[in-house]
Amino acid sequence: MPELPEVETVVRDLRAERLVGRTIRQVAVHWPATVGGGSVSGFRGRLAARTIRQIARRGKYIIMALSDGWTLLVHLRMTGQIRLATPSDIREKHEHLVLTLDDGRQIRYRDTRKFGRWQLVRDVSGHLARLGPEPLSPEFTVRRLREAMSRRSGMLKPLLLNQRILAGLGNIYVDEALWEAGLHPMRSAASLTACDYRRLHAAIRLVLRRGIRARGTTLGYGKTNFRGLRERAGSNRRNLRVFRRTGEPCLRCGAKIERLRVAQRSTHVCPECQRVREGAKP
DNA sequence: AAGAATGTTACATG
DNA sequence: ACATGTAACATTCT
């Protein structure tokens, strides 16, 4: 579910709720596999009585720095959701982890598919070292994008989904960025011109910024859909130009949007604006 | 009712 | 080393 804009939305929500400075009083783990790395008891022992010093994001990870120097790394994977509650609220289905804070509030983690992970680590940078640059940081330049991609022979989409090349893009925003840039997802990275890289760079930043401004993409009404801390849906769906618009007219040229399978993922393209071979200049 | 689903990783094969 | 594919994780939604 959550890609960079959705994770950023959760992090901003957590900060806005003034969770920095709160101390964790109690830790309940209802699905042990949610805890990554060490043992569940070690995890509970390390978290209890710690104060949250800082909340940040890197790629699709939520980073919570704790008072004893350890850091809580949270990855929501496909269906992880964080919400705030109080002890009297009933435990919902698929709620796997509950942190009770010193002010009586609770951070609850719900994850239908149980893919998400909460892990305590001593050195964050070591754990995140394999991630590529942050797409919205000043360090992410056209040049860095080109250097990371151009000597690879692979297709654009799998490379953009690879978190080592670039941190934070997922299936939705890759399709959107490639449409914005007028590039076909199956085109080889090696075939791009300098101009293509400039367009791709701008497109990535555009779709991510737009996603954050809309507080993320909520695709439907089911429990597995993205929600912010207070159950609030993101409105970025109405900004989507190709994703899940199969058969609908392209907003640029009117051609019917097509769905393909690339990198085992559902992929959406405009067959006119995004041609595999050269010559596709939107 | 079969297939797909916003993610990542390990393993296999070319 | 790189590219690509499959399976696994577990459940819901269409």
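Naming: A, B, ... by sequence-line order, numbering from 1 per chain.
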Novice: Give the intermediate values and the outcome of salt bridge (charged side-chain N to carboxylate O under 4.0 Å, His left out) for residues A:E17 and A:R105.
Specialist: CA-CA 10 Å; A:E17 293 285 350; A:R105 290 184 294 173; 3.5 Å; yes
Novice: Is the closest side-chain heavy-atom distance between A:M78 and A:L76 below 4.5 Å?
Specialist: no
Novice: Using a 4.0 Å heavy-atom cut-off to protein, can you give one letter per nucleotide of nucleotides 8-14 of chain B, 5' to 3': B if the base is in contact, S if only the sugar-phosphate is, - if neither?
Specialist: S------
Novice: With sequence neighbours excluded, what pairs up with A:R58 under the salt bridge (charged side-chain N to carboxylate O under 4.0 Å, His left out) test?
Specialist: A:E134
Novice: Mind checking the P distance from C:dA7 to B:dG3? Whole angstroms is fine.
Specialist: 13 Å
Novice: Will you find, in the side chains of A:N225 and A:T218, an N or O donor that is under 3.5 Å from an N or O acceptor?
Specialist: no
Novice: So A:V124 and A:W70, do their side chains get closer than 4.5 Å, heavy atoms only?
Specialist: no
Novice: Name all pairs fulfilling the salt bridge (Lys or Arg N to Asp or Glu O under 4.0 Å) condition that reach into residues 146-157 of chain A, sequence neighbours left out, sorted by first residue then second.
Specialist: A:R143-A:E147, A:K157-A:D175
Novice: For A:R210, what residues pass the salt bridge (charged side-chain N to carboxylate O under 4.0 Å, His left out) criterion, not counting sequence neighbours?
Specialist: A:E180
Novice: With a non-hydrogen cut-off below 4.0 angstrom, is A:R164 in contact with a base, only sugar-phosphate, or nothing?
Specialist: nothing
Novice: So what does the secondary structure string of DNA chain B come out as, 5' to 3', with Watson-Crick or wobble pairs under 3.5 angstrom, [ ] for crossing and | for pairs with another strand?
Specialist: .||||.||||||||
Novice: Within a 6.0 Å radius of atom CD on A:Q26, are there more than 12 heavy atoms belonging to other residues, nucleotides or ligands?
Specialist: no
Novice: When the P atoms of B:dA10 and C:dA1 are considered, how many whole Å apart are they?
Specialist: 16 Å
Novice: For DNA chain B, which residues in residues 234-249 of chain A have a heavy atom at a distance below 4.0 Å?
Specialist: A:F243, A:R244
Novice: Determine, for A:D196 against A:R199, whether the closest basic-nitrogen to carboxylate-oxygen distance falls under 4.0 angstrom.
Specialist: yes
Novice: Mind checking what makes salt bridge (charged side-chain N to carboxylate O under 4.0 Å, His left out) contact with A:R15, not counting sequence neighbours?
Specialist: none
Novice: Let me know the distance between CD of A:Q81 and C1' of B:dG7, rounded to the nearest Å.
Specialist: 15 Å
Novice: Measuring centre to centre across the rings, with the benzene-like ring taken for any Trp, is A:W118 within less than 6.0 Å of A:Y109?
Specialist: yes
Novice: Scan A:R227, A:R215, A:R230, A:R232 and name whichever one has a salt bridge (Lys or Arg N to Asp or Glu O under 4.0 Å) with A:D13.
Specialist: A:R215
Novice: Would you kindly compare A:G220 and A:W31 by the position of their nearest DNA chain C nucleotide and give the one closer to the 5′ end?
Specialist: A:W31
Novice: Using the P atom on both, measure B:dT8 against C:dT12 and round to a whole Å.
Specialist: 22 Å
Novice: Should A:H94 be listed as having a side-chain N or O under 4.0 Å from OP1 or OP2 of C:dT12?
Specialist: yes
Novice: Side chains of A:R259 and A:S266: is there a donor and an acceptor less than 3.5 Å apart?
Specialist: yes
Novice: Once you round it to whole Å, what is the distance between P of C:dT12 and CG of A:N225?
Specialist: 14 Å
Novice: Which residues pass the side-chain contact (heavy atoms from CB on, under 4.5 Å) test with A:S153, not counting sequence neighbours?
Specialist: none
Novice: Are OP1 or OP2 of B:dA5 and a side-chain N or O of A:S266 less than 4.0 angstrom apart?
Specialist: yes
Novice: Looking at DNA chain C, which of residues 108-116 of chain A put a heavy atom within less than 4.0 Å of it?
Specialist: A:T112, A:R113, A:K114, A:F115
Novice: Using salt bridge (charged side-chain N to carboxylate O under 4.0 Å, His left out) as the criterion, list what pairs up with A:R245, not counting sequence neighbours.
Specialist: A:E248
Novice: Taking the P atom of each, how far is B:dA4 from C:dG5, in whole Å?
Specialist: 16 Å
Novice: Atom pairs under 3.5 Å, N or O on each side, protein against nucleotides 3-6 of chain C: can you list them with distances?
Specialist:
unit_1, atom_1, unit_2, atom_2, d
C:dA3, OP1, A:S153, N, 2.7
C:dA3, OP1, A:S153, OG, 3.3
C:dA3, OP1, A:G154, N, 3.3
C:dA3, OP2, A:R152, NH1, 2.6

Novice: Distance check needed: B:dA4 P versus A:N171 CG, whole Å only.
Specialist: 13 Å
Novice: Identify all side-chain donor-acceptor contacts of residues 29-36 of chain A below 3.5 Å with residues at least two apart in sequence or on another chain.
Specialist:
unit_1, atom_1, unit_2, atom_2, d
A:T34, OG1, A:W31, O, 3.0

Novice: Please report the distance separating the P of C:dA10 from the corresponding atom of B:dA1, rounded so that it comes out in whole Å.
Specialist: 24 Å
Novice: Ignoring hydrogens and geometry beyond distance, is a side-chain donor-acceptor pair present between A:T217 and A:Y173 at under 3.5 Å?
Specialist: yes
